[in-house]
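Have a look at the structure below before the remarks.
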Amino acid sequence: MKRKKDGSTSANRLRNNNYMNQHKLNVILCGTGTVGGTLLSQMASQQQYLKDDRNLDLRVVGVVDIFNILLNENGIDLSGFTLDGFRESFKKAPASSLDAIHDEVLNMKRCLAASGNEGDGTVFVDCTASYDIAALYQDFLDAGISIVCANKVAAAGDLAAFRKLKKTAIEQDVKYKYETNVGAGLPVIRTLDHLTTTGDKITKIEAVLSGTLNYIFDTISSEVTFSQAVKKATIERFAEPDPRIDLGGVDVLRKLVILARESGYDVSQEDVETRLFVPEKYFDGSLDDFWNRIPELDAHLEELRQEVEKNNQHLKFIARMEASDGKAHCSIGLEKVDRHSPFYDLEGSNNIVMLHTERYDPHPMMVRGYGAGAAVTAAGVFGDILDVANV
């Protein structure tokens, strides 16, 4: 009996020590759409595992968007979580605004610090595509709040502002992480960081960076027209709600700018040579106008499809960066590739990034896998959050 009592006491002591040493991270999520909602579901399902097995108390202390704002310093109860149920109750939360998000996030940080509940920090997680939300990053970093974002706007935007964000994060000893800006959940940004930090030099990048466009051109056939493939990509949520963002190459352009910057080159969006396959006029007007007019392109794309099929080629929208004399030349455009190309058999919404470096020469390092979809993107954001917690 004595032995059993000692064992029980030791186990209790161990549990108490683990509790006292437990890491604590406070999360404020912005955006409850496709990616944000999926992320919230993933965090809810993993909360107990992280506490028991990874010694991390991951607390969601806020969920905000442009309509509603829900904050709880002690953590929002996610037990019995269902996304539909949460979204329904979230609609009853207090009304939000950009100013409210800014002020309340900063106030939450102050309250957590004052009460001793901040633990290992507070992280603002942006799952929107909003310019206005991205404009808040600097103030949050200045206040010692880490940033994790799926939003590409800041990392691909004004170069000086982007540099300031990264510098501030270092000065404030917080994190600014944006892995999912390129390749959804694929480890592209961190791979580049490891290469450059250890002294390697990136000389060339060749990539298919749009899971949406790859899906569209992989779906087009004699039975499925271009416009039908675009609609299917939208329904399957591989495309943006406004697919013109994908078709206009904006998404790929931003990703290539981010890759070039992570490789050590000063590149802005206007520096990228862009070869579009959809005429500019189709991007004017409303989204309804676009859907009404896009079938006009079906005949041309079918002719192009038949041509590449006859030549045993495939159509791929490819991003390229090639460096010389310390400068990078960047381009994006639709290309015909044959069976000798690594891009040839890339299917569905997959991405591939080939990194040519001084060390990886003549054979490049390749990162390949799903580059679109809510589950993998949310998981990539979740991974960044865990990196902030250092677990």
Side-chain angles (χ1 to χ4, degrees), residues 23-31 35-36 39 56 58-62 64 98 101-110 112-113 118-183 185 187-199 202 254-255 257-268 377 380-391:
H23 295 283
K24 181 188 295 180
L25 186 68
N26 301 290
V27 175
I28 300 173
L29 171 65
C30 184
V35 173
L39 172 62
L56 173 65
L58 185 70
R59 306 190 315 160
V60 178
V61 296
V64 304
L98 191 64
I101 292 172
H102 174 272
D103 295 345
E104 292 299 334
V105 169
L106 293 176
N107 186 57
M108 174 62 77
K109 159 72 175 177
R110 288 191 290 267
L112 289 168
E118 189 168 24
D120 294 293
T122 301
V123 54
F124 180 81
V125 181
D126 181 8
C127 288
T128 75
S130 168
Y131 283 85
D132 291 334
I133 296 298
L136 302 178
Y137 294 177
Q138 186 62 54
D139 282 355
F140 292 164
L141 289 172
D142 284 336
I145 299 171
S146 291
I147 302 290
V148 167
C149 57
N151 189 345
K152 304 175 185 67
V153 169
D158 179 76
L159 181 58
F162 172 62
R163 283 176 171 169
K164 187 177 180 182
L165 290 175
K166 298 192 73 171
K167 182 181 179 183
T168 303
I170 294 171
E171 292 173 344
Q172 294 293 331
D173 194 23
V174 293
K175 302 289 181 66
Y176 169 38
K177 301 188 72 66
Y178 43 91
E179 180 66 70
T180 55
N181 281 192
V182 180
V188 179
I189 301 296
R190 69 188 62 186
T191 298
L192 277 171
D193 181 59
H194 291 167
L195 290 170
T196 56
T197 301
T198 58
I202 314 301
R254 288 174 176 169
K255 291 176 180 178
V257 167
I258 294 169
L259 288 180
R261 290 176 175 180
E262 292 300 307
S263 300
Y265 302 100
D266 292 344
V267 173
S268 296
T377 304
V381 174
F382 200 174
D384 273 351
I385 293 171
L386 297 180
D387 281 349
V388 173
N390 291 317
V391 299

- Task: Check whether any side-chain heavy atom of L58 sits under 4.5 Å from a side-chain heavy atom of I385, and report yes or no.
- Result: yes

- Query: What class does the angle between the rings of H102 and F140 fall in, given that below 30° is parallel, 30 to 60° is tilted and above 60° is perpendicular?
  - Reply: parallel

- Task: Calculate, to the nearest 0.5 Å, the distance between atoms OH and NZ belonging to Y178 and K166 respectively.
- Result: 3.5 Å

- Item | Separation of E171 CD from D142 CG (nearest 0.5 Å) | 9.0 Å

- Taking C-beta and beyond as the side chain, do T191 and H194 meet within less than 4.5 Å on heavy atoms? no

- Item | Carboxylate-amine/guanidinium proximity below 4.0 Å for D266 and R163 | yes

- Query: Looking just at side-chain N and O atoms, do T168 and Q138 make a donor-acceptor pair shorter than 3.5 Å?
  - Reply: yes

- Task: Determine whether I133 and L98 make a side-chain contact, defined as any pair of heavy atoms from C-beta on separated by less than 4.5 Å.
- Result: yes

- V64 and E104, any side-chain heavy atoms less than 4.5 Å apart: no

- Working to the nearest 0.5 Å, report the span between CG of N151 and CG of D132. 10.5 Å

- Salt-bridge test for D384 and R190: reply yes if a basic N is under 4.0 Å from a carboxylate O, no otherwise. yes

- For the atom pair CG (L112) and NZ (K24), what is the distance rounded to the nearest 0.5 Å? 8.5 Å

- Item | Atom pair CG (L29) and CG (D126), whose distance is rounded to the nearest 0.5 Å | 9.0 Å

- Message: To check you understand the geometry: which heavy-atom pair defines the closest contact between N181 and A150, and what is its length?
- Response: ND2-O, 3.2 Å

- Message: Please report the interatomic distance CG(D193) to OG1(T198), rounded to the nearest 0.5 Å.
- Response: 9.0 Å

- Tested for side chain to side chain contact (heavy atoms under 4.5 Å, CB included) against K175, the lone hit among L141, N390, I147, V123 is N390

- Are L106 and I145 side-chain neighbours, meaning at least one heavy-atom pair lies under 4.5 Å? yes

- Item | Side-chain heavy-atom pair S263, L192 within 4.5 angstrom cut-off | yes

